[in-house]
Amino acid sequence: MNCDHCDQPASIHLTELHNGKLRSLNLCESCAKKNHSLNKSINPVGLADLLSGISNKTPSSKRNQPFAKQCEQCGLQFEELQQEGKFGCAECYPTFQRALGDMLRGIHGTEKHKGKKPVLETQFNRTAQSTNLEQLKIDLDNAIKSEDFEAAIELRDRIRELEAQSS
Amino acid sequence: MNIDDLLHRSGEWLKETNTESSVVLSSRVRLARNLTNSPFPNRANAEQRREVYQQIMATLKGNASFADAMFLDLEMINDLDSEFLIERHLMSHALAQSRVGSGLVVSKDEAFSIMINEEDHLRLQLIQSGSKLATAWLTLNKIDDELSAQLAYAYTKDYGYLTACPTNTGTAMRASVMVHLPGLVMTGRIEPLLNAFNKLNFIARGFYGEGSHALGNFFQISNQVSLGVSEAEIIDKTTGVIERFIEQEMEARSILLSENKISIEDRIYRAHGLLKNARIISSQEAIELISLVRFGIDLGIIDGVDYQNLNEGFLIIQPAHLQKLAKRELDAEERDQLRAEVIRNLVA
């Protein structure tokens, strides 16, 4: 079996049960050493999967894309948000992310939370409910970049789930 | 515990009588929270609202901290009880209007209450009498942690707690204080102070009634910004703002006494006389007069009237309270008469 990362022969094989699914990771010694998150994380990562195919690199054209029109979860339209000034559900926040910055800065002078977090807070909460495929792919990209491999796994699984549902 | 049990109690937020609370009557900290698995109340249909209600109620009822609390289904209570609870600051008009799937949980001492399906799925509120934002926050924080271990809150690390209205996003905390500022109002110094703190993102509005005139010289001061600051910072800043108000109010009071004592005394004694003798009194007039007598006690002009009685007066003179006391519906005239009678007994 070859290393998932570099295709050299693998000497380290990890298998993990996560959310009822089996996940495996095969690494050679040098890649295992380089993957520092392996030491702290109990969720091994199928790096090959993450680096190929599923991740959707954000093209520069995306930055010029129009704001999202509607929340897939609750159906709130962007116009409604502008008129009423109220969100419809938790998913509205990532959906209308581009408009959110200005809105929050206008009200609070900033757009970054500095307070406490809930006891149950995990990336899983947000990802598991999300139906916004584009956003999930952006998040996956960011998660890989910042080496948050736990989050990357959740995102990858959710993306697969949604893509399986739609096909 | 049921709603009628509350009738003859003063309510947590009016209990204290030490001198500091002469300016600050009560402190309140409120947190807004939503669940991840359902649209916000304004977007949810009746079934979804009821599901959220069931989920939250089940969690609360299973929690030992709420063993002695009162659990209310807003679809089951009548209009009078609804008004009564609003008058006691345990819930808002918005909750009363949104009935379907709406609920209210009140702790035995009325210090803590949770609104279910108002603007957000949960609105947690803790009230303490006097200037006690820091201790109120300590207690509320623990309750919030307990609940967040059992309910999945809508939260992202970038935006914090996700609320229906972006004005609440982030910490979703509102810290507010009810203050009595007759000195500042009577010396004409209130406007510049309110404007100054407005620029610092603190909002101050009359506690009773609308518009610029604060009935009874009671104001509510609260923070406006909930994002980009920590909860502790909000508490600290708000406490700091309150301390400025207290300083300014005390200074204004000593100015009044030194420059205008006889005029203030006259107003206060007249107010006392009216409260002791009137047979018909509207709630606006009652609040103005009670405010003056309260001021009189603070200035050492009036004695023999109990602060606690006055506090109870603020509650009992309100329309729903009076009707519960009379155990029947009263028209405006009857209320004005009963109000006068109740007040005469309180200030006797």
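Note that this is a predicted model, so its numbers are computed, not measured.
Ion pair A:Lys137/A:Glu134 not flagged as a salt bridge, since none of the NZ, NE, NH1 or NH2 atoms sits closer than 4.0 Å to an Asp/Glu carboxylate oxygen. Remark: A:Glu84 does not engage B:Arg43 in a salt bridge, criterion side-chain N to carboxylate O under 4.0 Å. Ion pairing of A:Arg105 with A:Glu111 is present here, as a side-chain N (NZ or NE/NH1/NH2) and a carboxylate O approach within less than 4.0 Å.
Among residues at least two apart or in separate chains, side chain to side chain donor-acceptor pair (under 3.5 Å) pairs with a member in residues 66-75 of chain B are B:Arg50-B:Glu75.
When the side-chain hydrogen bond (donor to acceptor under 3.5 Å, both in side chains) test is applied to B:Asp120, the partners found at least two apart in sequence or on another chain are B:Asn34, B:Arg123.
Only the side chain of B:Glu119 comes within contact range of chain A, with heavy atoms under 4.5 Å apart. Using a 4.5 Å cut-off between heavy atoms, B:Ile234 makes no contact with chain A at all. If you measure heavy-atom distances from B:Asn201 to chain A, you find no contacts under 4.5 Å at all. With a 4.5 Å cut-off on non-hydrogen atoms, A:Leu100 touches chain B through its side chain but not through its backbone.
Listed options B:Ala44, B:Pro166, B:Gly160 were ranked by heavy-atom pairs under 4.5 angstrom with chain A; first place goes to B:Pro166. The residue among B:Ala232, B:Gly170, B:Pro41 with the most heavy atom pairs within less than 4.5 Å of chain A is B:Gly170. Across B:Val229, B:Thr171, B:Leu162, B:Val225, the residue that shares the most heavy-atom pairs under 4.5 angstrom with chain A is B:Leu162. Listed options B:Gln150, B:Glu231, B:Met173, B:Arg33 were ranked by heavy-atom pairs under 4.5 angstrom with chain A; first place goes to B:Glu231.
Cation-pi check for B:Lys61 over B:Phe66 is not met; the charged atom does not lie both under 6.0 angstrom from the ring centroid and within 45 degrees of its normal.
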